[in-house]
Each structure stands twice: as C-alpha cells, then as structure tokens.
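Report on one structure; see the data block that follows.
Treat the numbers as computed from the prediction; the structure is a model and nothing was measured.
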Amino acid sequence: MAEKIRVLVAKPGLDGHDRGAKVVARALRDAGFEVVYTGLRQTPEEIAEAALQEDVNVVAMSILSGAHPHLFPKVVNLLREKGMDDVLVIGGGVIPEGDIPALKDAGVAAVFTPGTPTGEVVDFIKEHVA
C-alpha cells in the first residue's frame, strides 16, 4: 500500500481564529491524508521545524491577519534551507487576489480563499504530491 500523504496544517503569525484551518484539517483527514495541526500563533521557524520533524509532504498555512506577504515566503525559504525542496506549500485564508501572484512567485503552489470547497484543496494536493 502506498504511504499516506502527510500534511502539516499551520497557523502562522498572531491569528487567534482557527475554525477554517480545523475545517480543512478535518476534510484532509477524511480524504485519507495524515494530518498534523500545529495550533495557533506559530512562527515560521516553528512551522518549518515541525514540517521537518513530522516528515510531511505538504505544508498548508492558514492566515487571516494580513501578514501573508511576509510569513508565507519566510516559511517557504526556511523549508528550502532545510533541504525540503519537495514539500508542497499551499496557503489559504483572507488573502486579496492581488497578493496571490507574488505568493506564487515566492514558492506557494496555490492559494485558497474563503468559500473554496474543501474538495478543491484535496484534489490539488492529490494532483501535486508525487
């Protein structure tokens, strides 16, 4: 049997709300993925270290605070510094459409905004994790 896809769901920065992250985490688990949830208020360094320790295939970050232009690329860079070039990084939350191209240029494979069906996130991960 093929190994399950392992996903780290993380809340970077000072956000105090994680309902959306928990909904996505549950949907990913229900789709057969192994899910590790880091909890609230994680630094980029904590997220990258957790991804390394948990040997994940995907880092899925959720943010509402508006700090995504700084925090998402920082996590990508830290993962790359740790040699985790094959980890798929996705993001979600309240992110203006105009910010998405810069996030993708920084290495975030996809950005899912509010209202995105969880099935789209599941399908994207299945398509992009070798």
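- A pairwise comparison of heavy atoms in Y37 and K22 identifies CE2-CE, 4.1 Å as the closest pair.
- The minimum heavy-atom distance between P69 and G66, with the atom names listed, is CD-O, 3.4 Å.
- Tested against V9, the residues L28, V56, V36, T38 include a single side-chain contact (heavy atoms from CB on, under 4.5 Å) partner, L28.
- Considering every non-hydrogen atom in both L79 and A51, the closest pair reads CD2-CB, 3.7 Å.
- The distance from atom CG of D105 to atom CD1 of I100, rounded to the nearest 0.5 Å, is 12.0 Å.
- The NE2 atom of H68 lies 11.0 Å from the CG atom of D15; values are rounded to the nearest 0.5 Å.
- With K11 contributing its side chain and H17 its backbone, the two residues share a donor-acceptor pair below 3.5 Å.
- Both V121 and I5 sit in one connected hydrophobic cluster of ILVMFWY residues. Membership requires side-chain heavy atoms under 4.5 Å apart, directly or through other members.
- The main-chain N or O of P117 is never found under 3.5 Å from a side-chain atom of E120 such that the two would form a donor-acceptor pair.
- To the nearest 0.5 angstrom, T118 atom OG1 is 9.5 Å from D123 atom CG.
- In this structure, L78 is not a member of the same hydrophobic cluster as V59, with clusters built from ILVMFWY side-chain heavy atoms closer than 4.5 Å.
- Between F72 and I95 there is a side-chain heavy-atom pair separated by less than 4.5 Å.
- For the pair F124 and A110, the tightest heavy-atom approach, listed with the atom from each and the gap, is CZ-CB, 3.5 Å.
- Shown here is R26, whose CZ atom has no more than 12 heavy atoms of other residues, nucleotides or ligands within 6.0 Å.
- Nearest heavy atoms, A106 versus V76: O-CG1, 3.3 Å.
- Interatomic distance, N57 CG to H128 NE2, rounded to the nearest 0.5 Å: 14.5 Å.
- The shortest heavy-atom contact between P44 and L71 is CG-CD2, 3.7 Å.
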Report task. Could you give me the CA-CA distance, side-chain angles and deciding distance for V122 and F33, then say whether side-chain contact (heavy atoms from CB on, under 4.5 Å) is met? Result -> CA-CA 9 Å; V122 169; F33 301 156; 4.2 Å; yes

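- In this structure, V75 is a member of the same hydrophobic cluster as L8, with clusters built from ILVMFWY side-chain heavy atoms closer than 4.5 Å.
- Of the possible polar contacts, none joining the D18 side chain to the L40 backbone as a donor-acceptor pair under 3.5 Å is found.
- The CD atom of E49 lies 10.0 Å from the OG1 atom of T43; values are rounded to the nearest 0.5 Å.
- Under the 4.5 Å side-chain heavy-atom criterion for grouping Ile, Leu, Val, Met, Phe, Trp and Tyr, V111 is not connected to L88 through any hydrophobic cluster.
- Grouping the Ile, Leu, Val, Met, Phe, Trp and Tyr side chains by contacts below 4.5 angstrom, directly or via other members, places V35 apart from M61.
- Rounding to the nearest 0.5 Å places CG of L14 at 12.0 Å from CG of L64.
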